[in-house]
Amino acid sequence: MRFRFAPSPTGNLHIGSARTALFNWVLARHYQGNFILRIEDTDQERSNAAFEANILSGLRWLNLNWDEGPDKGGDCAPYRQSERHAQGIYGQATQTLLEAGRAYRCFCTSKELEAERKEDELNKRPPGYKGRCALLSQAVIEQNLREKKPHTIRFKMMPGQLVINDLIRGAVHFETELISDFVILKGDGWPTFHLAVVLDDALMGITHVVRGEDHLPNTPKQMQLCQALGYALPHYAHLPMILGPDRSKLSKRHGATAVDEYREAGFLPETLVNFMSLLGWSHPEEKEILDVQEVIENISFERIKKAGAIFDVQKCRWMNHQYMIHQEPLRLLDRVRPHIGDRRFEQLQPDQQLHLLKLLSEGAHTLQDFNHGWIWAVEAPVLDATKIPVLPDQAARILASAHARFAAADTKTFASHELTHRLLDEINTGLDLGKGSGKSKGLVMKMLRYRITGELQGPALADVILILGRDESLKRISV
Ligand code: GLU
């Protein structure tokens with residue numbers, strides 16, 4: 001079984017395309033088939049090498065390796081349509097279709113086509129080419145060719161019923177009479193997407209065309225084209241659309257849609273793979289956190305859904321949090337490092353870094369979230385007196401008591417969470433702020449936190465103190 005991902009390099013790798021790539025890749029691995037990467041750059045105006053590079057690097061980051069592709073070659077090379085065009089593949093196929101009477105030259109100018117479109121609109125007719133040039137006599141065609149009149153080549157659709165036996169959607173019926181003859185070769189000799197896709201899928205032995213539902217209207221055209229070229233039809237499967245929370249097609253206005261944006265924001269590739277695998281598919285036991293191996297084992301066309309899949313970025317963030325907290329700490333540390341802008345992080349001892357990491361991961365949803373919330377660990381805060389959470393005399397008493405107890409405690413106390421915690425409790429019990437113990441403890445903690453970190457909220461104070469150690473903590477609560 002041969003699957004393929006066939007992106008057009010006209011933009012950066014989009015979540016929707018990445019999901020298509022993932023499903024093809026997972027299916028190929030499940031069936032022990034091949035996964036082929038083909039670059040569809042026949043739209044020369046909109047395609048560029050930077051987009052192609054972005055797509056490849058995005059796929060690599062997601063670990064979706066391909067068996068054949070533009071950078072690695074394979075039996076069906078080249079894998080870039082511009083290179084295939086240079087070999088004359090598309091021109092030859094067009095010639096065959098012309099000779100067989102399944103294609104014809106269309107000399108209509110864009111002005112004429114535009115006028116036809118307007119007329120359709122006016123008369124409330126379905127838009128589309130009405131086949132005028134199909135009726136040209138051989139003499140007129142030859143005259144036009146002698147005059148070097150610009151022209152395209154159109155494929156002649158056969159009217160009738162057509163059924164796609166879609167592996168996800170079941171039988172989808174089309175009335176091909178409603179589909180107008182479409183261009184397969186443009187005026188400049190380049191193929192259109194339809195011709196290039198059909199021919200390459202056939203020549204590359206693709207058995208399964210798995211792509212987004214937005215391609216469903218193209219499929220009847222491509223099926224007739226495939227048959228006219230004398231090739232066996234591949235199986236088709238159209239993946240459900242990805243929708244924003246308002247159920248409209250996922251777009252920029254719903255937030256980030258490029259894979260890169262997620263990468264830069266500090267999502268792990270395994271999160272994205274897991275998350276995307278659930279966009280239109282579910283595990284038989286409805287498991288949500290799945291590694292890619294479990295997806296490979298359990299994927300089947302039957303379980304891929306027809307209905308649109310809602311893209312819920314909050315779920316993606318939750319998932320990323322799960323992946324981060326279950327990550328081996330040293331590995332997580334390695335992955336967090338590039339996201340930390342402040343180089344002073346590197347001045348911390350390895351155990352301090354690890355402790356900090358654990359502490360911050362409780363509230364972190366992305367790797368980027370480790371970029372803040374720890375400055376207290378490398379520098380004493382500049383205190384903002386307006387933040388002092390208690391009355392001045394209370395402040396003085398809290399600091400005096402804490403200082404005395406910190407100074408009296410041995411260094412072992414500052415190496416154990418439990419003992420540090422107890423020390424903080426003792427400071428509170430030893431004080432009478434006239435508030436009842438619960439409330440007074442809150443005030444004591446707030447005051448100490450304020451002095452030690454400059455903030456009124458943050459991670460557990462005992463952890464903060466453990467990370468700073470005794471001397472630094474003592475320094476910060478001195479008056
Ligand atoms: N190149 C097409 C696209 O990027 C995909 C063609 C296909 O999957 O058949 O939308």
Side-chain angles (χ1 to χ4, degrees), residues 6-11 39-48 51 80-86 88-159 174-200 212 214-226 228-229 249:
S8 304
T10 53
I39 300 295
E40 306 212 315
D41 56 350
T42 55
D43 185 341
Q44 284 289 290
E45 256 162 50
R46 292 173 59 224
S47 301
N48 75 47
F51 290 140
R80 210 176 268 116
Q81 288 181 332
S82 53
E83 291 167 31
R84 301 174 72 74
H85 173 62
I89 293 178
Y90 310 116
Q92 278 159 28
T94 307
Q95 199 54 42
T96 312
L97 291 170
L98 278 172
E99 282 159 19
R102 284 306 305 270
Y104 58 89
R105 295 178 202 277
C106 172
F107 296 93
C108 294
T109 61
S110 43
K111 224 163 141 189
E112 286 166 330
L113 295 172
E114 179 59 15
E116 185 174 337
R117 199 188 59 76
K118 284 217 176 102
E119 211 170 297
D120 284 340
E121 208 175 272
L122 218 61
N123 297 314
K124 301 204 167 25
R125 278 197 305 245
Y129 188 63
K130 302 290 176 295
R132 188 167 4 143
C133 288
L135 307 171
L136 295 181
S137 68
Q138 197 54 34
V140 174
I141 296 172
E142 275 163 23
Q143 178 62 26
N144 284 347
L145 288 178
R146 268 197 300 279
E147 286 171 18
K148 296 209 172 356
K149 271 203 182 160
H151 64 278
T152 59
I153 313 264
R154 283 185 190 270
F155 180 72
K156 202 186 274 177
M157 283 296 289
M158 289 295 173
F174 282 90
E175 192 62 68
T176 54
E177 208 158 74
L178 301 175
I179 304 174
S180 49
D181 298 346
F182 57 94
V183 176
I184 51 175
L185 210 70
K186 295 181 267 189
D188 57 8
W190 280 78
T192 60
F193 148 73
H194 293 301
L195 177 63
V197 160
V198 167
L199 199 57
D200 287 347
D214 47 334
H215 282 294
L216 193 57
N218 296 327
T219 304
K221 301 181 189 179
Q222 297 178 2
M223 283 167 73
Q224 281 207 359
L225 190 50
C226 182
L229 287 165
K249 188 177 171 206

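Each residue takes its place number in the sequence, starting with 1.
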Applying side chain to side chain donor-acceptor pair (under 3.5 Å), can you list everything that pairs with Arg154, at least two apart in sequence or on another chain? none

Would you compute the distance between atom CD of Gln224 and atom CE of Met158 and round it to the nearest 0.5 angstrom? 7.0 Å

Within a strict 4.5 Å, meaning less than it, do heavy atoms of the Leu199 and Arg84 side chains meet? no

Close side-chain approach of Asn218 and His194, heavy atoms under 4.5 Å: yes

Heavy-atom side-chain contact between Trp190 and Ser82 under 4.5 Å: yes

Looking only at heavy atoms, which two atoms of Leu185 and Leu195 are closest? And how far apart? CD1-CD2, 4.2 Å

With Glu121 via side chain to side chain contact (heavy atoms under 4.5 Å, CB included) - residues at least two apart: Arg117

On a heavy-atom basis, which atom in Thr152 and which in Gly187 lie closest, and how many Å separate them? CG2-N, 3.8 Å

Could you tell me which residues satisfy side chain to side chain donor-acceptor pair (under 3.5 Å) with Thr10, sequence neighbours excluded, listed by chain and number? none

With sequence neighbours excluded, residues passing side chain to side chain donor-acceptor pair (under 3.5 Å) with Glu175: Gln161

For Gly101 against Lys156, the heavy-atom pair lying closest together: O-NZ, 3.5 Å

Find the distance between CG (Leu145) and CZ (Arg105) and round it off to the nearest 0.5 Å. 5.0 Å

Enter the distance from Glu114:CD to Thr109:OG1 here, rounded to the nearest 0.5 Å. 10.5 Å

Any ring-ring contact (aromatic ring centres under 6.0 Å, His included) pairs touching residues 134-159, not counting sequence neighbours? Phe107-His151, Phe155-Phe182

Flag side-chain contact, heavy atom, 4.5 Å: Val197 against Glu40: yes

Rounded to the nearest 0.5 angstrom, the NZ-SG distance for Lys149 and Cys108 is 10.0 Å

Pairing residues for Phe193 by the ring-ring contact (aromatic ring centres under 6.0 Å, His included) criterion, not counting sequence neighbours: His215

Arg146 and Gln143: side-chain hydrogen bond (donor to acceptor under 3.5 Å, both in side chains), yes or no, with the steps? CA-CA 5 Å; Arg146 268 197 300 279; Gln143 178 62 26; 3.0 Å; yes

According to side-chain hydrogen bond (donor to acceptor under 3.5 Å, both in side chains), does anything in residues 123-134 pair up with another residue at least two apart or in another chain? List the pairs. Glu116-Arg132, Asp120-Arg125, Asp120-Lys130

Residue set satisfying side chain to side chain donor-acceptor pair (under 3.5 Å) with Thr219, at least two apart, ordered chain then number -> Arg211, His238

Which atoms form the tightest heavy-atom contact between Ile39 and Pro9, and what is the distance? CG2-CG, 3.7 Å

Within residues 178-187 or reaching into it, pairs that qualify as side-chain hydrogen bond (donor to acceptor under 3.5 Å, both in side chains) - sequence neighbours excluded: Tyr104-Asp181

List, one per line, each side-chain donor-acceptor pair under 3.5 Å for residues 91-98, sequence neighbours excluded.
unit_1	atom_1	unit_2	atom_2	d
Thr94	OG1	Tyr90	O	2.7
Gln95	NE2	Glu99	OE2	3.3
Thr96	OG1	Gln92	O	3.0

Evaluate Thr42 against His85 for side chain to side chain contact (heavy atoms under 4.5 Å, CB included), listing each step before the verdict. CA-CA 8 Å; Thr42 55; His85 173 62; 5.8 Å; no

Once salt bridge (Lys or Arg N to Asp or Glu O under 4.0 Å) is applied, what residue pairs with a partner in residues 190-199 remain, sequence neighbours excluded? none

Who pairs with Ser137 by side chain to side chain contact (heavy atoms under 4.5 Å, CB included), at least two apart in sequence or on another chain? Ala139, Val140

